[in-house]
Amino acid sequence: MESKNVNILAIESSCDETSAAIVQNGKVLSNHIATQKIHERYGGVVPEMASRAHVENIVPVVDAAMKDAGMTPADITAVAFTQAPGLIGSLLVGSCFAKSFAQARNIPLIAVHHMQAHVLAHFIDEQPAFPFMCLTVSGGHTQIVVCHNHLDMEVLGETMDDAAGEAFDKVAKMLGLPYPGGPLIDKYAAQGNPEKFKFPANEMKDYTFSFSGIKTSVLYFLQARRKEDPDFAEKNMADICASVQHTIIKTLMTKLKKAAQDRGITHIGIAGGVSANSGLRKALKEAGDKYGWTVYIPKFEYCTDNAAMIGVTGYYKYLQGSFADMSVVPAARAKW
Ligand code: KG4
Ligand code: ZN
């Protein structure tokens, strides 16, 4: 008997996580993520190694997601996959798998924009009211987005150079911390004094971000201090991390507040890998209390890259009949 349920198999492979999820009628039944440890020793993601790891991981990860949801390929209604943006080799693995699966089963294929999915991660467990404003902060992007409805999103502003996550990771590297450094900076920052060292805040106009300045100033600061004491960073790790984190969060929150006030929007969320940062989560809650916002903070597992968010986005696209054909190809960059 044909099931009335819409069961979406979702695939995410844009960077260094291979993830598969099963989403039934918009609800996440399973979400498996294989994190690629190989990049740690290189201090950043090595694209070619990421592609190879995706090839190894994709079948076991999909298999685990299916088993966990109690499903077989015959139960799947449609396949959603991350089409853009991301590392092209990584995207190719997920897109080839998704296209092959859809063709073999003769079911619809849904191409998903990774940044749109980060925003819609908020709709996994909750239903924020529209218009909904989201600050998406990841390793590759920093954006303020207004959602008029699930699929109608407007990008108000983005970074003109490094992303917020990239700033965290590059500063961490200068401090001798392993990749990805963002979570480690967060950990050290919890013990440090955020006012101890001063770094320049973002001075871009309106909703445009820039994080290359802080990166350079931390570099020069460390070079100067290490001349006096080669162990300066190790001895002051907590205070340096707290001060850098404080500066990045201040920049993010200042722009977000301005955007919310200018647009008169009071339903506000954060998304993407950096939304796992405890300082940013706290700052959003405080701003919510101060400005009367209803704030949305995703569960940790839905902050960093995951297929559940691709599946939920795929579900809304399914309802809209927004399908891709077999000529669809991944793209490293993509407007939306
Ligand atoms: O969204 P994501 O998993 O991948 C991209 O689409 O880029 O984001 C990864 C980024 C990395 O830069 C990582 O350092 C950062 O998110 N990140 C954090 C934290 N957890 C992850 N940054 C600061 N504090 C954290 N707790
Ligand atoms: Zn991401």
Side-chain angles (χ1 to χ4, degrees), residues 10-19 21 31 33-36 39-40 43-45 47 50 54 81-87 90-91 94 112-122 134-143 145 158-159 162-175 177-190 192 194 209 211 214-215 241-242 244-253 269-284 297-310 312-313 332-334 336:
I11 312 284
E12 155 63 34
S13 72
S14 65
C15 191
D16 58 342
E17 329 269 7
T18 320
S19 181
N31 181 43
I33 305 171
T35 301
Q36 304 177 359
H39 309 290
E40 256 171 36
V45 177
H54 283 304
F81 72 100
T82 305
Q83 185 247 335
L87 298 172
S90 294
L91 290 166
V112 171
H113 193 293
H114 183 85
M115 298 313 293
Q116 195 165 32
H118 268 304
V119 176
L120 292 183
H122 284 286
C134 188
L135 169 73
T136 313
V137 270
S138 72
H141 294 82
T142 306
Q143 293 181 326
V145 176
E158 31 195 349
T159 179
D162 289 358
E166 218 173 334
F168 271 105
D169 294 340
K170 285 181 179 165
V171 167
K173 197 171 176 180
M174 292 175 209
L175 291 169
L177 301 173
Y179 177 86
L184 291 167
I185 292 200
D186 191 359
K187 204 176 118 207
Y188 283 111
F209 296 94
F211 291 104
I214 182 165
K215 197 180 64 184
C241 289
V244 169
Q245 181 169 300
H246 173 73
T247 310
I248 296 176
I249 293 173
K250 202 166 100 192
T251 299
L252 294 171
M253 290 306 298
I270 48 175
V274 182
S275 66
N277 183 270
S278 50
L280 181 60
R281 293 165 91 92
K282 187 164 161 262
L284 185 71
I297 298 175
K299 276 188 194 157
F300 284 111
E301 69 214 87
Y302 300 140
C303 288
T304 43
D305 291 345
N306 65 87
M309 67 184 192
I310 305 300
V312 167
T313 308
R333 291 168 185 274
W336 51 306

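Throughout, numbering of the chain's residues begins at 1 and tracks the sequence. As the structure is a computational prediction, the values presented were derived from the model and not from experiment. Every number for a ligand or one of its atoms is a count from 1 in the order of the listing.
The protein atom (non-hydrogen) at minimum distance from atom 26 (N) of ligand 1 is D186 OD2, 2.9 Å. When only non-hydrogen protein atoms are considered, atom 10 (C) of ligand 1 lies nearest to G139 N, 3.5 Å. With respect to atom 3 (O) of ligand 1, the closest heavy atom belonging to the protein is D305 N, 3.0 Å.
The atoms of ligand 1 that sit less than 4.0 Å from any heavy atom of A276 are 20 (N), 26 (N). Close approach of ligand 1 to G140 is summarised as follows: ligand atoms under 4.0 Å from at least one heavy atom of the residue are 7 (O).
The structure places OG of S14 at 11.5 Å from CD of Q83, a figure rounded to the nearest 0.5 Å. To the nearest 0.5 Å, atoms OG1 (T142) and CG (L252) are separated by 6.5 Å. For the atom pair CD of Q116 and CD1 of I310, the computed distance is 10.0 Å after rounding to the nearest 0.5 Å. Atom CD of residue Q36 and atom OG1 of residue T18 lie 4.5 Å apart, to the nearest 0.5 angstrom. Rounded to the nearest 0.5 Å, atoms CD1 (I297) and SG (C303) are 9.0 Å apart.
Looking only at its N/O/S atoms, D305 has OD1 as the one nearest to the Zn ion (ligand 2).
Among the atoms of H114, an N, O or S atom falls under 2.8 Å of the Zn ion (ligand 2). For the Zn ion (ligand 2), the set of nearby N, O or S atoms under 2.8 Å includes one belonging to H118.
Checking side-chain atoms of R333 against main-chain N and O of A84 turns up no donor-acceptor pair under 3.5 Å. Under a 3.5 Å cut-off, the side chain of S13 and the backbone N or O of S90 do form a donor-acceptor pair.
Heavy-atom distances between C15 and ligand 1 stay at or above 4.0 Å for every pair. Residue contact check for ligand 1: H118 places a non-hydrogen atom closer than 4.0 Å to it. Under a 4.0 angstrom heavy-atom cut-off, Q245 registers as lying outside contact with ligand 1.
In terms of N/O distances under 3.5 Å, ligand 1 is approached by D169. No N or O atom of T304 sits closer than 3.5 Å to an N or O atom of ligand 1. Between F168 and ligand 1, a contact under 3.5 Å exists for no N or O pair. For ligand 1, none of its N or O atoms has an N or O atom of P180 under 3.5 Å away.
Counting heavy atoms closer than 4.0 Å to ligand 1, residue H114 contributes side-chain atoms (C-beta onward) but none from N, CA, C or O. When non-hydrogen atoms are compared, ligand 1 lies under 4.0 Å from the backbone of N277 as well as from its side chain.
Counting only N and O atoms by type, the side chains of D186 and S278 include a donor and acceptor under 3.5 Å apart. For the residue pair E301 and N31, no side-chain donor N or O sits within less than 3.5 Å of a side-chain acceptor on the partner.
Looking at G165, G273, G182, it is G273 that brings a heavy atom closest to atom 20 (N) of ligand 1.
Partner of H114 under the side chain to side chain contact (heavy atoms under 4.5 Å, CB included) criterion, chosen from T313, L91, T136, T82: T82. Under the side chain to side chain contact (heavy atoms under 4.5 Å, CB included) test applied with Y302, the options N306, D305, T304 reduce to a single match, N306.
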